[in-house]
Amino acid sequence: MSKQIKNEGWKVFGTGKTIKEALDTHYALLFQGKGTLMTIEGHGKSKNINQAIRKSQNQAMQQYASMRETQVEGVSEVQMRNTQGGETSSNMDFNTHYKSSTAQTVKSFSPTVVFYRTSSEGWVEVRSFFLVDILK
């Protein structure tokens, strides 16, 4: 994978690491999670590298939040079908708390590695990789 990334013109942002070293670090962290982590990749494009990085981070956060919301809605719907009366309120409280927890998680997103490349037109394209808890 590192050869493909290099051949496509990508470079590692913000470190003196090679592409292989950066990917090795990312995957080492992933495997340290012992099956509890997954990778989310965000993409961003701008004339400014910092804006492109923020766009890639925002995309990854939205992707993760969307996955969590879908999961919560599915669990809540099943719980609401299986409960009666007063328990519906507690399910809604759970749903609200879970969404709030997800929002806190995405606010603290920090990429494990950021790749970038610049086009001949002056655009900077960014690929950021994040590790997040596996959705259960």
Side-chain angles (χ1 to χ4, degrees):
M1 181 172 174
S2 64
K3 285 184 181 183
Q4 178 185 353
I5 291 172
K6 187 175 182 177
N7 289 341
E8 292 175 355
W10 296 97
K11 299 174 188 167
V12 180
F13 177 78
T15 70
K17 293 181 179 182
T18 65
I19 291 172
K20 183 183 179 331
E21 291 168 336
L23 287 173
D24 286 349
T25 299
H26 173 79
Y27 286 114
L29 292 169
L30 178 64
F31 292 127
Q32 284 177 7
K34 298 181 181 177
T36 63
L37 299 174
M38 64 185 247
T39 299
I40 291 186
E41 183 178 348
H43 298 263
K45 188 175 180 181
S46 178
K47 294 279 186 172
N48 176 290
I49 192 160
N50 291 323
Q51 287 177 343
I53 290 170
R54 280 193 297 277
K55 285 181 178 184
S56 72
Q57 186 172 13
N58 286 337
Q59 185 201 40
M61 289 188 310
Q62 289 172 357
Q63 180 183 356
Y64 181 71
S66 176
M67 290 182 337
R68 291 291 265 197
E69 185 175 348
T70 300
Q71 179 191 29
V72 169
E73 287 172 354
V75 169
S76 295
E77 187 174 316
V78 168
Q79 287 177 344
M80 289 174 74
R81 283 188 204 147
N82 294 331
T83 61
Q84 303 201 354
E87 292 186 34
T88 302
S89 175
S90 66
N91 286 335
M92 289 180 181
D93 290 341
F94 168 78
N95 193 359
T96 301
H97 172 72
Y98 203 69
K99 285 182 179 182
S100 174
S101 172
T102 299
Q104 289 298 328
T105 299
V106 298
K107 284 181 184 176
S108 64
F109 261 24
S110 181
T112 55
V113 64
V114 176
F115 295 116
Y116 74 97
R117 66 181 175 188
T118 306
S119 73
S120 59
E121 296 86 30
W123 288 96
V124 180
E125 186 178 0
V126 169
R127 293 172 65 186
S128 299
F129 293 83
F130 302 84
L131 294 177
V132 296
D133 291 331
I134 288 182
L135 305 176
K136 293 181 181 181

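Treat the numbers as computed from the prediction; the structure is a model and nothing was measured. Only heavy atoms go into these numbers, but all of them, side chains included; no hydrogens, no water, no symmetry mates.
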Would you say [X] and [Y] make side-chain contact, with heavy atoms under 4.5 Å?
X: Lys45; Y: Lys55; value: no
X: Phe129; Y: Pro111; value: no
X: Lys47; Y: Trp123; value: yes
X: Phe115; Y: Val12; value: yes
X: Thr15; Y: Glu21; value: no

Could you tell me which residues satisfy side-chain contact (heavy atoms from CB on, under 4.5 Å) with Lys20, sequence neighbours excluded, listed by chain and number?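 Checked Lys20 against side-chain contact (heavy atoms from CB on, under 4.5 Å); matches are Ser2, Thr18, Asp24.
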Gly42 backbone acceptor or donor facing Ser128 side chain under 3.5 Å: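 Answer holds: no.
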Any idea which heavy atoms bring Val126 and Ser56 closest together, and the distance?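 Of all heavy-atom pairs spanning Val126 and Ser56, the closest is CG1-OG, 3.6 Å.
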For the student: nearest non-hydrogen atoms of His26 and Leu131, plus distance: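 That closest heavy-atom pairing would be CE1-CD2, 3.4 Å.
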Shared ILVMFWY cluster between [X] and [Y], side chains joined below 4.5 angstrom?
X: Val124; Y: Trp10; result: no
X: Met61; Y: Met38; result: yes
X: Ile5; Y: Leu30; result: yes
X: Leu37; Y: Val114; result: no
X: Ile40; Y: Tyr116; result: no

Straight-line distance of Gln51 CD to Asn58 CG, nearest 0.5 Å: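 Those atoms lie 11.5 Å apart.
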Phe13 CZ to Asn50 CG distance, which is reported to the nearest 0.5 Å: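 Phe13 CZ to Asn50 CG: 5.5 Å, rounded to 0.5 Å.
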Given the rule in the side-chain contact (heavy atoms from CB on, under 4.5 Å) test, do Glu8 and Glu125 qualify, once you have shown the distances and angles that lead to the verdict? CA-CA 12 Å; Glu8 292 175 355; Glu125 186 178 0; over 6 Å; no
For the pair Gln63 and Gln59, evaluate side chain to side chain donor-acceptor pair (under 3.5 Å) and give the outcome as yes or no after the intermediate values. CA-CA 6 Å; Gln63 180 183 356; Gln59 185 201 40; 5.9 Å; no
Run the numbers on Thr25 and Val113 for side-chain contact (heavy atoms from CB on, under 4.5 Å), then give the verdict. CA-CA 8 Å; Thr25 299; Val113 64; over 6 Å; no
